[in-house]
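Bear in mind the structure is a predicted one, so any value in this text is a computation, not a measurement. Each residue takes its place number in the sequence, starting with 1.
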Amino acid sequence: LYDNQGRYESAEPLYLEALEMRKELLGDKHPSVALSLNNLAALYYAQERYGVAEPLLTQALDIIEGILGPDHPTTKTMRGNLEILRKSL
């Protein structure tokens, strides 16, 4: 909700908390962790913090591709997100 309202300062700690909780409960290589990384990167992208977002998207893509393979729709979406971000650098 905060993200959609443009209240990024309020959204960021919640995204970080969700990421840490998922890592703790599910392990570092779980698809839900990749989703949290992707969501946090999207928040940073919206703030034009591209240098902070890029490693998160790269990590998310590595996790998803390792689990689902390179041709899965989710992998392709995350790869596309990374390409869009890199065009903004």
Less than 3.5 Å apart, which donor and acceptor atoms pair up between the side chains of residues 16-32 and the rest of the protein, not counting sequence neighbours?
{"residue": "Arg22", "atom": "NH1", "partner": "Ser32", "partner atom": "O", "Å": "3.1"}
{"residue": "Arg22", "atom": "NH1", "partner": "Ser36", "partner atom": "OG", "Å": "2.9"}
{"residue": "His30", "atom": "ND1", "partner": "Ser32", "partner atom": "N", "Å": "3.0"}

Run the side-chain donor-acceptor check on residues 54-71: report pairs under 3.5 Å with partners two or more places apart or on a different chain.
{"residue": "Glu54", "atom": "OE2", "partner": "Arg86", "partner atom": "NE", "Å": "2.7"}
{"residue": "Thr58", "atom": "OG1", "partner": "Glu54", "partner atom": "O", "Å": "3.0"}
{"residue": "Glu65", "atom": "OE2", "partner": "Arg79", "partner atom": "NH2", "Å": "3.2"}

For Thr77, side-chain contact (heavy atoms from CB on, under 4.5 Å) partners two or more places apart: Asn81
side-chain contact (heavy atoms from CB on, under 4.5 Å) filter on Gln5, not counting sequence neighbours, yields Leu1, Tyr2, Arg7
If a pair satisfies ring pair (Phe, Tyr, Trp, His ring centres under 6.0 Å) and one of its residues is in residues 67-89, list it, with sequence neighbours excluded. none
Could you pull out every donor-acceptor pair under 3.5 Å between side chains of residues 42-50 and any protein atom, sequence neighbours left out?
{"residue": "Tyr44", "atom": "OH", "partner": "Glu12", "partner atom": "OE2", "Å": "2.6"}
{"residue": "Tyr45", "atom": "OH", "partner": "Ser88", "partner atom": "OG", "Å": "3.2"}
{"residue": "Gln47", "atom": "OE1", "partner": "Arg49", "partner atom": "NH1", "Å": "3.3"}

Hydrophobic cluster identity match, Leu35 and Val52, side-chain contacts under 4.5 Å: no
